[in-house]
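The next block holds one structure in the form of structure tokens; read it before the comments.
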Amino acid sequence: MAARTVTSLAPLPPGADVVVIGAGIMGLSIAYELARLPGKRSIVVLDEGYLCGGASGRNGGGIRAQWSDALSVSLMQESLREFKAFARRHRINTWYREGGYLFLARNAARRSELEKSVAVQREAGLKTRLLEPQEITEIVPELDPTGVEVASYNPHDAVVFPWPFVWGYAEGAIQHGATVHTFVRARSIETQNGVVTGVATSRGVIQTGTVVLAAGAWSPELARTAGVTLPTHPHRHEICATEPLKPWLTPLVADLTDGLYFSQSTRGEIVGGIANARVPEGPTQGSSARFLALYARALTARCPRLGAVRVLRQWAGLYDISPDQRPIVGRVSSVAGLYLTSGFVGHGFMMAPVIAKRLSRLIARDETSDELEAWSLTRFQTGRLLDGGMIIG
Ligand SMILES: Cc1cc2nc3c(=O)[nH]c(=O)nc-3n(C[C@H](O)[C@H](O)[C@H](O)COP(=O)(O)OP(=O)(O)OC[C@H]3O[C@@H](n4cnc5c(N)ncnc54)[C@H](O)[C@@H]3O)c2cc1C
């Protein structure tokens with residue numbers, strides 16, 4: 001009988017209809033959506049570690065519809081509705097806080113990016129507003145607007161606590177018949193004549209005709225075992241949380257020029273990070289003092305009063321970076337039965353609920369969507385890379 005909880009002890013089945021590699025937000029939400037679709041199919045999710053050990057348990061929980069392209073805006077409008085409904089649907093507290101996102105532009109290029117993006121967003125029905133520097137302090141009086149050329153603000157963007165979504169999707173998938181095995185490493189994706197036949201794991205082979213590769217920043221090495229080159233690479237992204245303060249900061253503030261971002265959690269901590277090009281190569285999740293210095297300098301320049309606040313914790317996770325900073329999702333044309341969900345940079349958490357719906361319908365019903373068409377792996381073969389605006393970090 002299938003285990004009724006996340007398990008590291010239950011034996012692996014010899015075969016399954018679908019094997020999902022990676023129990024982050026992507027793998028679990030896909031397993032959940034697939035398990036809910038009509039039709040009986042056995043679904044096994046594998047993770048080499050524990051739930052929340054990857055980027056899905058280490059991120060800032062920012063979820064927003066402010067994007068530069070119509071496709072991402074509409075995906076995120078749908079996703080925000082999913083995030084909002086999640087607590088009731090999964091009977092779990094998600095600490096959903098609708099404080100908005102305030103983007104800052106401090107040079108002409110970023111100004112133009114914001115102006116164009118706001119036009120796209122308003123066309124899609126968002127309430128985003130462009131703000132002059134003096135208007136910024138009406139939203140966050142503690143911000144120093146010096147050097148800011150323009151800002152954009154959508155009051156309906158939000159911040160959540162990521163862990164309940166991972167747990168909720170895991171529980172939901174299991175309730176619908178999937179099994180979730182932790183501490184099982186997928187070693188290779190087995191193929192024969194360009195068709196998926198199984199997954200070799202640290203505890204034996206599972207035969208299957210369908211594999212969803214949802215191993216986040218670790219995906220390229222597994223894709224290689226099936227003869228597929230994924231053009232993504234891991235990039236360490238550090239983040240930290242301060243001691244809790246009385247609530248005072250409503251939106252998540254993001255500076256498009258240096259990649260600084262910070263928000264206040266429901267527990268009062270200021271949680272934030274910054275873009276940092278100088279990090280070690282490879283899938284390294286360690287922390288550095290250099291990050292703290294970089295972040296503190298940028299944060300206190302933007303918000304001088306935060307200079308007196310103490311940092312309590314810092315940690316790091318992996319961004320999964322694609323060449324055009326846009327996702328790579330859908331089937332792999334050269335390997336029948338292999339599906340990807342990669343390249344989400346610092347934004348995969350917010351997109352997962354909708355990506356999971358799209359990908360599960362592709363797997364179960366061969367139903368495609370605008371996202372799957374636009375974000376397929378083939379764009380790197382045809383050279384049709386996408387515009388990568390409104391990226392933080
Ligand atoms: C510090 C930080 C802040 C971020 N902030 C935000 C944010 O505010 N908003 C947002 O939307 N996104 C944010 N992101 C990005 C977001 O967290 C990721 O895009 C998203 O979590 C990716 O989910 P995933 O399931 O693809 O990957 P992961 O959560 O990394 O899951 C992949 C899983 O695969 C497992 N795995 C790897 N190799 C194997 C193997 N061989 N066998 C079995 N299992 C394996 C890993 O153990 C891991 O659990 C942030 C990321 C970081 C690091």
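Ligands are counted one by one from 1 in listed order, and the atoms in each one are counted from 1 as well.
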Look at atom 23 (O) of ligand 1 and find which of Gly317, Ser56, Gly348 reaches it with the closest heavy atom.
Ser56
Proximal ligand 1 atoms for Gly61, defined as those under 4.0 Å from one of its heavy atoms
7 (C), 8 (O)
Proximity flag Gly346 to ligand 1, non-hydrogen atoms under 4.0 Å
yes
Is it the case that Arg64 places NZ or CZ above or below the six-membered ring of Trp67, under 6.0 angstrom from the centre and within 45 degrees of the axis?
yes
Taking the ring of Phe83 and the ring of Phe349, is the distance between their centroids below 6.0 Å?
yes
Proximal ligand 1 atoms for Val184, defined as those under 4.0 Å from one of its heavy atoms:
43 (C)
Can you pull out the closest protein heavy atom to atom 41 (N) of ligand 1? Residue, atom name and distance to 0.1 Å, please.
Ala186 O, 3.0 Å
As an exercise, identify every atom of ligand 1 less than 4.0 angstrom from a heavy atom of Ala55.
17 (O), 18 (C), 21 (O), 28 (P), 29 (O), 30 (O)
What residue and atom, counting heavy atoms only, is the protein's closest point to atom 47 (O) of ligand 1, and at what distance?
Asp47 OD1, 2.7 Å
Arg58: numbered ligand 1 atoms lying under 4.0 Å from its heavy atoms
1 (C), 2 (C)
Of Gly27, Ala215, Ser79, the residue with the heavy atom nearest atom 32 (C) of ligand 1 is Ala215
Closest to atom 7 (C) of ligand 1 (judged by heavy-atom distance), picking from Gly53, Gly216, Gly62:
Gly62
Name the closest protein heavy atom to atom 52 (C) of ligand 1, giving the residue it belongs to and the distance to 0.1 Å.
Tyr319 CE1, 3.6 Å
Could you tell me whether ligand 1 has any atom less than 4.0 Å away from a heavy atom of Asp320?
no
Numbered atoms of ligand 1 (with element) below 4.0 Å of Leu222, judged on heavy atoms
40 (C), 41 (N)
